[in-house]
There are 2 protein chains.
Amino acid sequence: MNPSPATYAPITPEIVARLREAIGEEAVVTDPDKLEPFGRDATELFHLPELLVEAVSSEQIQQLLHLANVYHFPVTPRGLGTGLTGGAVPLSGGVLLSLAKMNRILAIDPENLIAVVEPGVVTGDLRKAAQSKGLFYPPDPASVDTCSIGGNAATNAGGASCIKYGTTRSYILGLEVVLPSGEKIQAGVQTRKGVVGYDLTQLLVGSEGTLGIITRLFVKLIPLPPAVTTLVALFPDLPSAMHAVTALLTSGHLPSAIEFMDHQCLELIGDLLPFEGVQESKAFLLVETDGAPGVIEQEIEQMGEICLEHNPVNVFLAPDSYRRAQMWEVRRQVSVRIEEHAPLYIPEDVVVPLGRIAEFVETLPELAETFGMKIYSFGHAGDGNIHLNITAESRDNLQRIEEGIKAVLKRVLSMGGTISGEHGIGFAKKHLLPLELSPESIRLQQEIKRVFDPNLILNPGKIF
Amino acid sequence: MNPSPATYAPITPEIVARLREAIGEEAVVTDPDKLEPFGRDATELFHLPELLVEAVSSEQIQQLLHLANVYHFPVTPRGLGTGLTGGAVPLSGGVLLSLAKMNRILAIDPENLIAVVEPGVVTGDLRKAAQSKGLFYPPDPASVDTCSIGGNAATNAGGASCIKYGTTRSYILGLEVVLPSGEKIQAGVQTRKGVVGYDLTQLLVGSEGTLGIITRLFVKLIPLPPAVTTLVALFPDLPSAMHAVTALLTSGHLPSAIEFMDHQCLELIGDLLPFEGVQESKAFLLVETDGAPGVIEQEIEQMGEICLEHNPVNVFLAPDSYRRAQMWEVRRQVSVRIEEHAPLYIPEDVVVPLGRIAEFVETLPELAETFGMKIYSFGHAGDGNIHLNITAESRDNLQRIEEGIKAVLKRVLSMGGTISGEHGIGFAKKHLLPLELSPESIRLQQEIKRVFDPNLILNPGKIF
């Protein structure tokens, strides 16, 4: 299905000249030093692009893709390179199309509760711009201050708030997209509903830059919840923590985050957490709720009581804003700290049914021992999304570790789970795709790819 | 692209015999009296199917589609026939596949917050089953007590609660689907997140039974909001009401419904509404909010104050449950009453940007007069989704009325709106599709159709 890299044309001086003529000198970068940072994302994968295009308009992208079809060279789109599966790594060389300079917030419209943005806008900047007008863009991937909204849409990024607010998908009303053919279409709507034809917007969201290049997004905003509060609960073991989560969710509460960390994470970063009892605890729970002031305080108390019924080491209600900020920062830094400490680091990102988190996590030590790896678990307990950070003391046993990862993922699937909740497939996980999807499902998807991109010039080598 | 009906094979005795052999006597119905009700949905469209298949299993559906490809006869899937665009009408004859008997609720799982259901389950039954376990399935199309969850997914049905909770799409985690080829796939997940490959689930949702037949749904549930309350506000004109809506939404409140009716609807059903001042009013607003008791009362008061700032005739806070039920019943009956009174009745279902509802509705009287029609407006003010019920005193001027409808829809599009927010395209609106979608977008969609259904045997003549 995918041609081997060898079948693509190299970027010749003629192509460079025609590109410069078509889209301007400034957008075309050939200097190898400048190319280097665009050969990677947040994984270890690297491949130097032959050429960098820094687009500032959709028309430039149309011209680029037109030439890519004429000469048959590959184009790999890239937001801000925070992906965790190599989705933006230009594996076949060719042109790396950076969307970083298309970073204008074109509108934050309080009357219509929408934003119109370019793909290179930092997600955190969109959140702040919305907030300044009393509006809310909920998705909050851990990389919120460094990732792009276009990349978020391409991967259907998640975050802690999904439990209440859903993933990026729920906030993308419409997209302007340059197709691999170079044609530009407007998919979806600028309104809050729309059911005209197949939902190409929803197909493009999560397609990891393989079906088209997002050049403009029409984003749904909601009223900003006026207040937010949290609780922290420490437990002597993970099952107690998870039973508390189930009890919280079946008690009628809908928190805006329920995050957890296992005892290995606590061992690593527990000293950074500003709470008493961390040392004696084997599981950490962070519960956040947002809404009306006067209400959420009542809610957090009720939720605290539920936690107290599940044998906690300690429960802290509504820590002050300083401790709250510190705690979130620690939560965000967990994976960084894990990676720092390990010569081999592989982030997995599974989801299991809510009620089976504890059961699943309890099976990990045995698998870890069998395959000579260490597995740190933390993540979004409220939606069953567990970041398994797998490390090893050396890179020598990589093959064995990969077998171990497969064993873990098979366990996930046997429990009714999925092998990726937020990060996507990209390149890093494409060998695992057949574990989850049937041949018929993959065939359909490959044919859809062909419909959009008959010459397979856009982001080749990804997903399938 | 679509073959004319003439190119399909008629249902011969041989086909009937082979079907009976493959899926059993009971599922195959040939009696013309029994076929008749399956030739229509909730529109005026009618076409008698040649044969009715009442499936009780996905295996029967696989067999049926296998034979449809062998003999090249069309198959039209049907939930409970409440659609408003002819999507389930077997326009080319062939087999009408009723999913009404696949109506088991297979699981309501409070631990995992999901439901597993067959497509023929009445949406209201799913809501009640969830509620009995303290859980909530939010989508509430007006036909909630008679429509099917499978049909809801096929059309991405909406309803009043979308403003807070989103459309059906947001609650479909995964689908078991029989493809037109007869192969069965599992799309999506049974968990709360999943980003493995292209999201076929989201492509199938809203595809109006043209890409596959949904045989099982994995549905996301959320904790049941423990309480709900409403307010009713009557205004002397529609712009005042709509300015109140904008003020509500930008004040940080997120109600679970904001419904409106214009003065023509009030003239028709105002006498049924249990509120003083209806006669003097030209616009009706119903605002509902759900959440924690003790909070929502406070919220509804604050929202009532906002309404009071917009020159209302009257505002009623938290009417008793009897009046509340009566009012929702009236709201649901509006279209029935409009239809009863008119020899010609065409339901349209547009969406305009939130801030432009008043401006749009104000332009309708002039268009109505020009084209000799009457336009009743009511619907979901909270998400800009307006049900335009168009009537005329006789059927003689049908062509002129259709021109009028086109003029209305063009107005919608020029304001950044969409021609359908909930009902879909089906057959009734397919001539209007090119008003909204570009040729390139339509071409992509038709090619996707070909990928799923190369012989075009599934629900032909719809959407495109």
Side-chain angles (χ1 to χ4, degrees), chain A residues 110-113 134 155-156 158 162 166-167 170 183 185 189-199 202-203 206-207 222-224 226 246 249-250 252-254 292 295 299 351 353-355 383-385 416-422 424-425 433 436-438 440-441 444-445 447-448 451 463, chain B residues 110-113 134 155-156 158 162 166-167 170 183 185 189-199 202-203 206-207 222-224 226 246 249-250 252-254 292 295 299 351 353-355 383-385 416-422 424-425 433 436-438 440-441 444-445 447-448 451 463:
Chain A
E111 266 217 323
N112 295 313
L113 297 174
T155 56
N156 186 25
C162 300
T167 59
S170 304
E183 286 212 54
I185 63 163
V189 290
Q190 304 178 33
T191 50
R192 288 188 115 57
K193 282 177 179 166
V195 288
V196 175
Y198 298 156
D199 202 324
Q202 294 295 331
L203 178 61
S207 67
I222 61 174
L224 185 69
T246 302
L249 291 172
T250 51
H253 295 287
L254 188 51
V295 180
E299 257 204 304
V351 193
L354 285 176
D383 48 28
N385 187 190
T418 176
I419 62 171
S420 183
E422 301 186 327
I425 299 303
L433 198 72
E436 180 158 340
L437 301 184
S438 67
E440 180 63 8
S441 174
L444 278 176
Q445 295 181 41
E447 287 195 22
I448 290 171
V451 165
I463 304 182
Chain B
E111 268 218 320
N112 295 313
L113 297 174
T155 55
N156 185 24
C162 300
T167 60
S170 304
E183 287 212 53
I185 63 163
V189 289
Q190 304 179 33
T191 50
R192 289 187 114 59
K193 283 177 178 166
V195 288
V196 175
Y198 298 157
D199 201 325
Q202 293 295 329
L203 178 62
S207 67
I222 61 174
L224 185 68
T246 303
L249 290 173
T250 51
H253 294 288
L254 187 51
V295 180
E299 257 206 302
V351 193
L354 285 175
D383 49 27
N385 186 191
T418 177
I419 62 172
S420 183
E422 300 186 328
I425 299 302
L433 198 71
E436 181 159 339
L437 300 185
S438 67
E440 179 63 8
S441 173
L444 278 177
Q445 295 181 42
E447 287 194 23
I448 290 171
V451 165
I463 304 182

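Residue numbers start from 1 in every chain, and the chains themselves are labelled A, B, ... in the order their sequence lines are given, proteins ahead of strands.
- When each of A/Leu249, A/Val196, A/Thr418, A/Asn385 is scored by its heavy-atom pairs under 4.5 Å with chain B, the top score falls to A/Val196.
- Of the atoms belonging to A/Val451, heavy atoms from both backbone and side chain fall under 4.5 Å from chain B.
- Contacts of A/Ser438 with chain B are made by side-chain atoms alone, with heavy-atom separations under 4.5 Å and no backbone atom involved.
- Listed for the A/Asn112 side chain is a donor-acceptor partner under 3.5 Å among the backbone atoms of B/Leu354.
- At a 4.5 Å heavy-atom cutoff, the contact between B/Glu183 and chain A is made by side-chain atoms alone.
- Comparing B/Thr167, B/Leu224, B/Leu113, B/Ile419 by heavy-atom pairs within less than 4.5 Å of chain A, the highest count is held by B/Leu113.
- Every side chain to side chain donor-acceptor pair (under 3.5 Å) that A/Glu299 has, sequence neighbours left out, goes to A/His253, A/Thr289.
- Contact of B/Ser207 with chain A is made through backbone and side chain together, with heavy-atom distances under 4.5 Å.
- When heavy atoms are compared at a cutoff of 4.5 Å, A/Asn156 approaches chain B by way of both its backbone and its side chain.
- Here B/Thr191 is the residue among B/Val189, B/Val295, B/Thr191 with the most heavy-atom pairs under 4.5 Å with chain A.
- Contact tally against chain A (heavy-atom pairs below 4.5 Å) for B/Ile448, B/Leu433, B/Ile463: the top residue is B/Ile448.
- Atom CD of B/Glu440 and atom CD1 of A/Ile185 lie 7.0 Å apart (nearest 0.5 Å).
- Here B/Asp199 is the residue among B/Thr246, B/Leu203, B/Asp199 with the most heavy-atom pairs under 4.5 Å with chain A.
- Most heavy-atom pairs under 4.5 Å with chain A: of the set B/Leu437, B/Ile222, B/Thr250, this distinction falls to B/Leu437.
- For the options B/Pro110, B/Ser441, B/Gly197, heavy-atom pairs under 4.5 Å to chain A are most numerous at B/Gly197.
- The contact between B/Val351 and chain A is made by backbone and side chain atoms together, counting heavy-atom distances below 4.5 Å.
- Using a 4.5 Å cut-off between heavy atoms, A/Glu422 touches chain B through backbone and side chain atoms alike.
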